[in-house]
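Step one of this worksheet: look at the structure below.
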Number of protein chains: 2
Amino acid sequence: MGIIKGRWSFPIIRALMNGTMRFKELERNVSSINTRMLVKELKEMEAEGLVIRKAYATVPPTVEYSLTEKGQALKPVIVEIEKWAEKFLQ
Amino acid sequence: MGIIKGRWSFPIIRALMNGTMRFKELERNVSSINTRMLVKELKEMEAEGLVIRKAYATVPPTVEYSLTEKGQALKPVIVEIEKWAEKFLQ
DNA sequence: CCGCATCCCACAGGATACTG
DNA sequence: CAGTATCCTGTGGGATGCGG
């Protein structure tokens with residue numbers, strides 16, 4: 001399992017659990033990520049089939065990201081991690 | 001959560017789920033890890049309170065590693081990850 | 001707004017020889 | 001057996017400016 005590798009996939013998935021988000025929204029919501037990393041992670045996650053990218057031909061551009069079923073299915077994992085963290089991290 | 005960071009903590013924990021193991025056993029059981037990485041990870045995990053190291057003054061030396069309660073508690077996480085992997089990875 | 005393009009650095013991780 | 005010591009490389013990740 002090297003699919004949630006990288007420092008950011010986890011927080012990004014967490015953010016998208018709450019539903020579709022635009023690029024800028026993600027950039028604001030995901031802790032202290034920077035543009036380059038967000039772009040990079042999103043591309044990788046798209047390639048892995050975890051997120052879907054929808055672009056709208058508006059001015060200025062609108063791009064929405066959401067989780068695929070495969071991405072949504074990671075929720076139980078995240079829940080368990082959070083349970084663990086709550087119990088063992090002060 | 002940067003505690004299961006690194007490429008190896010996960011497989012190491014997985015191996016130790018089955019019980020106490022000696023250094024060499026781990027080296028054999030954890031896929032293709034090399035000595036340096038195994039030593040390094042074990043030290044970090046010991047510092048994080050995930051594993052316990054027990055050394056015996058024998059010749060040749062015997063060192064056993066096992067999971068702490070905190071380490072054991074990661075089992076549900078691993079279970080969920082495996083469920084997910086089984087479902088979504090061919 | 002979205003997201004490339006650059007530049008840069010630290011360090012994770014690999015391979016392997018050596019020691020108590 | 002259980003590590004330590006070296007050397008080396010790739011790349012993850014940060015900062016920031018530019019363009020459609």
Side-chain angles (χ1 to χ4, degrees), chain A residues 1-16 18-68 71 74 81, chain B residues 1-16 18-68 71 74 81:
Chain A
M1 175 70 191
I3 206 166
I4 317 188
K5 73 165 195 288
R7 178 170 170 185
W8 300 110
S9 28
F10 182 76
I12 291 174
I13 290 175
R14 244 202 132 301
L16 289 177
N18 305 324
T20 298
M21 279 188 128
R22 299 183 57 177
F23 186 86
K24 210 68 180 180
E25 282 183 286
L26 275 172
E27 201 166 10
R28 273 189 297 263
N29 276 278
V30 179
S31 62
S32 57
I33 195 169
N34 65 45
T35 310
R36 205 182 69 90
M37 276 301 114
L38 184 52
V39 173
K40 199 179 164 191
E41 285 290 331
L42 284 172
K43 270 190 186 154
E44 291 176 9
M45 292 169 71
E46 195 188 356
E48 286 162 347
L50 294 178
V51 305
I52 296 172
R53 190 191 113 111
K54 270 188 194 162
Y56 301 93
T58 56
V59 178
T62 303
V63 182
E64 293 181 343
Y65 292 91
S66 54
L67 291 178
T68 60
L74 283 168
I81 291 178
Chain B
M1 173 71 188
I3 206 167
I4 320 188
K5 74 167 194 291
R7 178 170 169 187
W8 300 110
S9 27
F10 181 74
I12 291 174
I13 291 174
R14 244 201 132 302
L16 289 177
N18 305 323
T20 299
M21 279 187 129
R22 299 182 60 175
F23 186 86
K24 210 67 180 183
E25 284 183 286
L26 275 172
E27 202 168 10
R28 275 189 294 265
N29 274 278
V30 178
S31 61
S32 57
I33 196 170
N34 65 44
T35 310
R36 206 182 69 89
M37 276 300 113
L38 183 52
V39 173
K40 198 179 165 192
E41 285 291 331
L42 284 172
K43 271 187 184 156
E44 291 177 9
M45 292 168 71
E46 195 188 356
E48 286 162 348
L50 294 178
V51 306
I52 296 173
R53 190 193 113 111
K54 270 188 195 163
Y56 301 92
T58 57
V59 177
T62 304
V63 182
E64 293 181 345
Y65 291 92
S66 55
L67 291 178
T68 61
L74 282 168
I81 291 177

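Residue numbers start from 1 in every chain, and the chains themselves are labelled A, B, ... in the order their sequence lines are given, proteins ahead of strands.
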Let me know the distance between CE of A:Met21 and C1' of C:dC1, rounded to the nearest Å. 15 Å
In this structure, CD of B:Glu46 is separated from OG1 of B:Thr68 (nearest 0.5 Å) by 10.5 Å
CZ of B:Phe23 to CZ of B:Arg53, rounded to nearest 0.5 Å, is 9.5 Å
Donor-acceptor check, side chain of B:Thr20 to backbone of B:Glu64, threshold 3.5 angstrom: yes or no? no
Which part of the nucleic acid does A:Tyr56 contact within heavy-atom distance under 4.0 Å: base, sugar-phosphate only, or nothing? nothing
C:dA12 phosphate, OP1 or OP2, under 4.0 Å from B:Lys40 side-chain N/O: yes
Give the rounded distance in Å between these two atoms: NZ of A:Lys43 and C1' of C:dA5. 11 Å
Keeping the roles fixed (side chain from A:Thr62, backbone from A:Tyr56), state whether a donor-acceptor pair exists under 3.5 Å. no
Would you give the length of the straight line joining atom CG of A:Leu74 to atom CG of A:Leu50, rounded to the nearest 0.5 angstrom? 6.0 Å
Option passing side chain to side chain contact (heavy atoms under 4.5 Å, CB included) with A:Met21 (candidates A:Val51, A:Leu26, A:Ile12): A:Leu26
Nearest-0.5 Å distance that lies between atom CG in A:Leu42 and atom CG in A:Leu16: 7.5 Å
Classify the nucleic acid contact of B:Glu41 as base, sugar-phosphate or nothing, counting any heavy atom under 4.0 Å across all strands shown. sugar-phosphate
Taking 5' to 3' order, which nucleotide of DNA chain D is first and which is last to have an atom within less than 4.0 Å of a heavy atom in chain B? D:dC1 to D:dT6
Atom pair distance, as rounded to whole Å: CD in B:Glu44 and P in C:dA12: 7 Å
Mind checking B:Val63 for me? I need base, sugar-phosphate or nothing, with any heavy atom below 4.0 Å counting as a touch. sugar-phosphate
Between B:Glu25 and B:Arg28, is there a side-chain N and carboxylate O pair less than 4.0 Å apart? no
Given protein heavy atoms under 4.0 Å, the one-letter contact record of nucleotides 14-20 of chain C, with B base, S sugar-phosphate only and - none, is simply BB----B
